[in-house]
Amino acid sequence: AAVLGALAAGIAAAILPVTLRNFVVSGQWVPISTNGGINLYIGNNPDAARTMAIRPGADWDRLAALPFRRGGVRTEAEAQRWFIAEVARYAWNSPAAFTGGLARKALLVVNARELPRNIDPVGLASRGVVTRPLLWRAGPFSFPGSILLPLGLLGSWLALKRGGAAGFVAASWVAYAGSVAVFFPASRYMMPVAPLLAALAAVGAAALAEAWRLRVRARLAWMAGALLFLSAVAAAPVASPTDGVDFESELETNAGIALQTRGRVTEAAAQYLRVLKRAPGHAEAHFHLGTAYRDLKRFDEAMASHRRAIELRPDHLRAMNDLGVMLFEVRRTDESVLWLQRALEVDPDYLPAMKNLAVGLLAQGRLAEANSILRRAGLPEVAATRGEIHGRIPVTPQAVVEQ
């Protein structure tokens with residue numbers, strides 16, 4: 001009881017300040033953050049292979065908006081509860097599919113591959129002289145996973161049998177890895193277990209070396225057999241949901257975003273152009289190139305880039321919204337309204353387009369229609385002429401950078 005009480009007090013000491021801060025800011029009791037629900041949903045739904053491969057950008061925006069569109073929620077805390085309820089409903093209605101998904105994710109957790117999330121760690125490591133030999137893959141062999149995992153699993157078994165502190169270390173990494181499998185596996189989520197796994201791999205290697213030194217043939221035989229089996233499991237050619245993603249283009253696009261957020265817009269535009277030379281069909285690169293051109297006041301090129309992004313992704317809401325805003329800024333109000341209406345055809349509850357469409361309608365003198373849109377958006381109605389609206393409802397495009 002004393003140990004459990006001390007553990008609970010330690011957890012509370014770490015979490016409570018965050019919980020209190022969340023309550024002060026939002027008025028709701030959120031222990032740490034509100035992203036647990038969406039992450040649980042990503043790996044546990046009827047279309048988990050697609051959601052686990054969702055990229056930052058239009059697809060992510062649409063996923064994050066699901067509770068607001070389908071569940072009628074109003075806050076991020078409510079959205080988290082909606083996602084958790086959807087997972088519970090899926091597990092109850094389709095227990096076999098839910099359990100099968102957990103099993104597939106467990107296999108990915110014990111696979112030696114470094115599974116990407118937003119960035120491919122192996123591809124990133126290959127760019128550095130120091131990092132290249134520390135993280136690489138050749139056929140079914142992945143370094144260091146193909147060594148650490150089999151030895152670490154062997155060491156975990158020996159540590160659990162030994163009990164005590166060694167058993168606690170082994171149980172800790174197994175429990176953490178299991179929690180990753182409940183959500184969805186990716187190398188960055190498994191990173192916290194790397195030090196524990198390295199220590200346990202040393203336990204396994206030491207036990208193997210001792211059996212060899214003492215010529216204990218039976219023990220040496222079962223250890224060698226276990227290592228061969230575990231090596232085969234770690235090297236199994238399993239498919240990852242992100243196998244078809246062009247991570248190189250994503251990484252280069254993210255480099256452009258980083259430049260742009262630091263005010264180096266001309267360099268960012270050049271970076272996006274390099275991405276598009278390599279991957280002309282990369283919609284997000286076209287979109288962000290448009291935002292860079294807009295920052296540079298090159299509106300014709302900016303709008304052309306946004307139009308191209310929409311051609312590639314007809315549901316690209318941010319591109320449609322920003323294109324509508326730019327058309328409004330260059331006094332092409334009729335076109336602006338059409339694009340903002342098109343955005344709302346894709347997503348009737350897309351708030352930035354609703355707000356900006358109201359501005360466009362007011363500029364056209366269509367007060368009743370503008371107020372109808374504002375009511376839908378939950379915004380105050382206006383009674384104003386064209387010359388009075390801009391201070392009330394500023395034309396603000398959706399943020400162009402998502403990290």
Side-chain angles (χ1 to χ4, degrees), residues 1-12 14-15 36 39-40 43-44 91 98-115 134-135 140-238 240:
V3 170
L4 290 175
L7 176 62
I11 293 171
I15 293 175
N39 283 328
L40 185 65
N44 300 279
F98 176 76
T99 306
L102 290 178
R104 285 190 294 274
K105 289 184 291 180
L107 285 175
L108 290 174
V109 164
V110 295
N111 194 272
R113 288 179 62 191
E114 295 289 344
L115 297 175
L134 301 177
L135 195 66
F141 184 87
S142 297
F143 184 85
S146 291
I147 296 173
L148 282 185
L149 265 170
L151 284 172
L153 289 168
L154 176 62
S156 298
W157 170 252
L158 297 171
L160 287 169
K161 287 180 62 180
R162 185 184 306 171
F168 178 78
V169 171
S172 296
W173 99 261
V174 170
Y176 182 88
S179 73
V180 172
V182 169
F183 286 80
F184 61 100
S187 60
R188 78 182 193 195
Y189 304 142
M190 289 296 293
M191 191 62 208
V193 306
L196 304 181
L197 198 58
L200 291 162
V203 171
L208 191 65
E210 183 183 20
W212 175 269
R213 181 176 64 83
L214 297 177
R215 299 292 192 270
V216 184
R217 293 185 178 179
R219 190 175 187 187
L220 187 62
W222 82 256
M223 282 187 179
L227 277 177
L228 285 173
F229 172 75
L230 294 171
S231 296
V233 171
V238 294
S240 167

Hey, are the side chains of Y176 and V109 touching, using non-hydrogen atoms and a 4.5 Å cut-off? no

Within a strict 4.5 Å, meaning less than it, do heavy atoms of the N44 and K105 side chains meet? yes

Rounded to the nearest 0.5 Å, what separates atom [atom1] in [X] from atom [atom2] in [Y]?
X: L134; Y: F143; atom1: CG; atom2: CZ; result: 7.0 Å
X: L153; Y: L148; atom1: CG; atom2: CG; result: 10.5 Å
X: S156; Y: L196; atom1: OG; atom2: CG; result: 9.0 Å

Where do [X] and [Y] come nearest, in terms of heavy atoms and distance?
X: A235; Y: P140; value: CB-O, 3.7 Å
X: F183; Y: N39; value: CD2-C, 3.7 Å
X: A170; Y: A159; value: CB-CB, 3.9 Å
X: L135; Y: P144; value: CD1-CD, 3.8 Å
X: G167; Y: L160; value: O-CD2, 3.7 Å

Side chain to side chain contact (heavy atoms under 4.5 Å, CB included) between L115 and M190, worked out: CA-CA 9 Å; L115 297 175; M190 289 296 293; over 6 Å; no

F168: which residues meet the ring-ring contact (aromatic ring centres under 6.0 Å, His included) condition with it, sequence neighbours left out? none

Counterpart residues, salt bridge (charged side-chain N to carboxylate O under 4.0 Å, His left out), relative to R113 (two or more places apart): D243

Between F141 and I147, is the side chain to side chain contact (heavy atoms under 4.5 Å, CB included) condition met? List the steps. CA-CA 9 Å; F141 184 87; I147 296 173; 4.1 Å; yes

Validation: residues 212-233 side-chain donor-acceptor distances under 3.5 Å, sequence neighbours left out:
residue: R215; atom: NH1; partner: W212; partner atom: O; Å: 2.5
residue: S231; atom: OG; partner: L227; partner atom: O; Å: 2.7

